[in-house]
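Each remark here refers to the structure printed beneath this line.
By convention here, the first residue in the shown sequence is residue 1. As the structure lists them, so they are numbered: ligands from 1, and atoms in each ligand from 1.
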Amino acid sequence: MPNSIPAYSLPDRNRQVLLTTRPDGIPQASHFTLAETSVPEPGEGQMLVRNIYLSADPAQRGWASSEANYAAPVPIGGPMRALAVAVVVASRAKGYAEGDFLYGFFGWQDYAAVGPEAVLHRATEDLPLDAFGALVGINGITAYLALTKLGRPVAGDTLVVSTAAGSVGSFVGQIGKSMGCRTVGLTGDDAKVARCHDRFGYDEAINYRTEDIAAAVKRAAPDGVNLYFDNTGGPILDTVLRQMAVGGRVVQCGTASVGSWVPAPTGPRNEREILTRRLVWSGFVIFDHMADYARAASEMAQLWRQGKVVYDIDLAEGIEAAPGAIASLYAGENTGKRLIHIG
Ligand SMILES: NC(=O)c1ccc[n+]([C@@H]2O[C@H](COP(=O)([O-])OP(=O)(O)OC[C@H]3O[C@@H](n4cnc5c(N)ncnc54)[C@H](OP(=O)(O)O)[C@@H]3O)[C@@H](O)[C@H]2O)c1
């Protein structure tokens with residue numbers, strides 16, 4: 001019955017992954033502790049959700065950091081902030097009912113008592129459940145909105161994408177291809193280069209660890225790069241900036257290659273490249289675009305149904321896999337969206 005706590009007894013333990021020390025750089029498994037507490041009671045206006053898939057995301061590094069960011073740091077001793085796909089098991093929140101599947105900020109834990117403000121998306125599309133943590137999770141939606149709203153691709157553009165075989169990057173490449181772009185992927189090993197070609201339909205794919213990036217991008221984009229979707233920052237970005245076409249656009253979506261922001265890293269000065277090539281360089285944070293989430297989810301679901309976009313899940317089993325999951329992403333060990341199945 002909606003808006004009331006159902007009359008069955010709930011489990012009495014809630015496993016949580018707590019942030020117990022503040023990482024300096026990339027969070028390692030040792031920064032977290034697995035603990036057990038009681039299952040929280042939802043207050044008035046809240047619901048109790050049971051997590052099914054926990055998400056591991058590069059952004060969690062920023063959330064765990066004490067450095068100024070776009071989000072307040074996760075408190076030491078608190079459950080790690082994380083996205084998850086969950087089912088409502090009891091509701092005192094208007095408009096939410098037991099059995100609703102939701103995607104939102106429910107943390108690395110079995111259960112969370114949350115209000116509607118924690119929910120990013122309600123799983124209404126007819127899709128596999130894991131799609132709500134990938135295709136229409138922040139990865140797919142970031143790819144869609146950052147590319148279409150900031151990158152504004154037009155047919156015939158050469159689109160270069162870093163972390164090309166990863167979750168966001170693979171969607172960007174496929175959406176760009178569906179819009180008529182020539183797509184070039186940058187990724188970190190030969191197996192991922194092959195996946196870029198065979199699975200995600202890139203026209204060209206480059207191993208940034210073994211190839212001369214400047215020469216390879218020049219070969220792949222002899223007339224210059226019209227649109228660069230960057231998820232790495234650092235030397236990869238510095239190199240691609242010097243291969244941009246006049247009037248090119250750069251979407252800054254991630255900075256995965258930068259080990260630490262303190263002290264501020266130094267590198268080549270690129271302002272002359274921006275000026276002479278008349279580049280537009282835009283920063284994207286998904287949480288500024290929540291009003292467009294449902295529309296983007298519907299578009300992504302449609303692209304998937306039409307076979308224009310595929311997605312891969314890199315699935316780990318059990319909450320014990322969570323503490324090491326962020327470091328593993330930064331080691332490039334994931335093939336597809338890293339989800340942890342716990343329910
Ligand atoms: N701005 C936003 O709102 C927003 C939202 C979601 C995600 N993002 C960003 O999008 C990017 C991709 O996220 P995702 O969730 O899809 O993760 P992902 O690409 O599935 O996994 C992260 C990938 O980063 C690459 N990487 C790690 N360390 C690197 C390094 N030192 N140099 C170059 N590449 C490195 C690895 O790919 P390779 O093996 O190919 O190197 C790794 O597989 C991240 O930067 C993330 O912060 C931004």
Output, or 'none' if empty, a list of ligand 1-protein atom pairs in which both atoms are N or O and the distance is under 3.5 Å, rounded to 0.1 Å.
| from | atom 1 | to | atom 2 | distance (Å) |
| --- | --- | --- | --- | --- |
| ligand 1 | 1 (N) | C253 | O | 2.9 |
| ligand 1 | 1 (N) | F284 | O | 2.8 |
| ligand 1 | 3 (O) | I286 | N | 2.8 |
| ligand 1 | 10 (O) | N231 | OD1 | 3.3 |
| ligand 1 | 15 (O) | N139 | ND2 | 2.9 |
| ligand 1 | 16 (O) | S167 | N | 3.3 |
| ligand 1 | 16 (O) | V168 | N | 2.7 |
| ligand 1 | 20 (O) | S167 | N | 3.0 |
| ligand 1 | 20 (O) | N334 | ND2 | 2.8 |
| ligand 1 | 21 (O) | N334 | ND2 | 3.3 |
| ligand 1 | 28 (N) | Y330 | O | 3.1 |
| ligand 1 | 32 (N) | Y208 | OH | 3.4 |
| ligand 1 | 34 (N) | Y208 | OH | 3.2 |
| ligand 1 | 39 (O) | K192 | NZ | 2.6 |
| ligand 1 | 40 (O) | T187 | OG1 | 2.7 |
| ligand 1 | 40 (O) | G188 | N | 3.0 |
| ligand 1 | 41 (O) | Y208 | OH | 2.6 |
| ligand 1 | 43 (O) | K192 | NZ | 3.3 |
| ligand 1 | 43 (O) | N334 | OD1 | 2.7 |
| ligand 1 | 45 (O) | N231 | O | 3.0 |

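- Heavy-atom contacts from other residues, nucleotides or ligands closer than 6.0 Å to CG of D24 number 12 or fewer.
- Residue V225 belongs to a hydrophobic cluster whose other members are V160, V184, L186, I206, Y208, I213, V217, Y228, I236, L237, V240, L241, M244, V250, I274, L279, W281, with links defined by side-chain heavy atoms closer than 4.5 Å.
- R209 has no carboxylate O lying under 4.0 Å from a charged side-chain N of D189, or vice versa, which leaves the two without a salt bridge.
- With R195 as reference, D312 is the one residue of D312, T187, D190 to meet the side chain to side chain donor-acceptor pair (under 3.5 Å) rule.
- Note that R61 lies in the cation-pi zone of Y330, set by a 6.0 Å cut-off to the ring centre and a 45° limit from the axis.
- Taking 4.0 Å as the cut-off between side-chain N and carboxylate O, R13 and E36 count as a salt-bridged pair.
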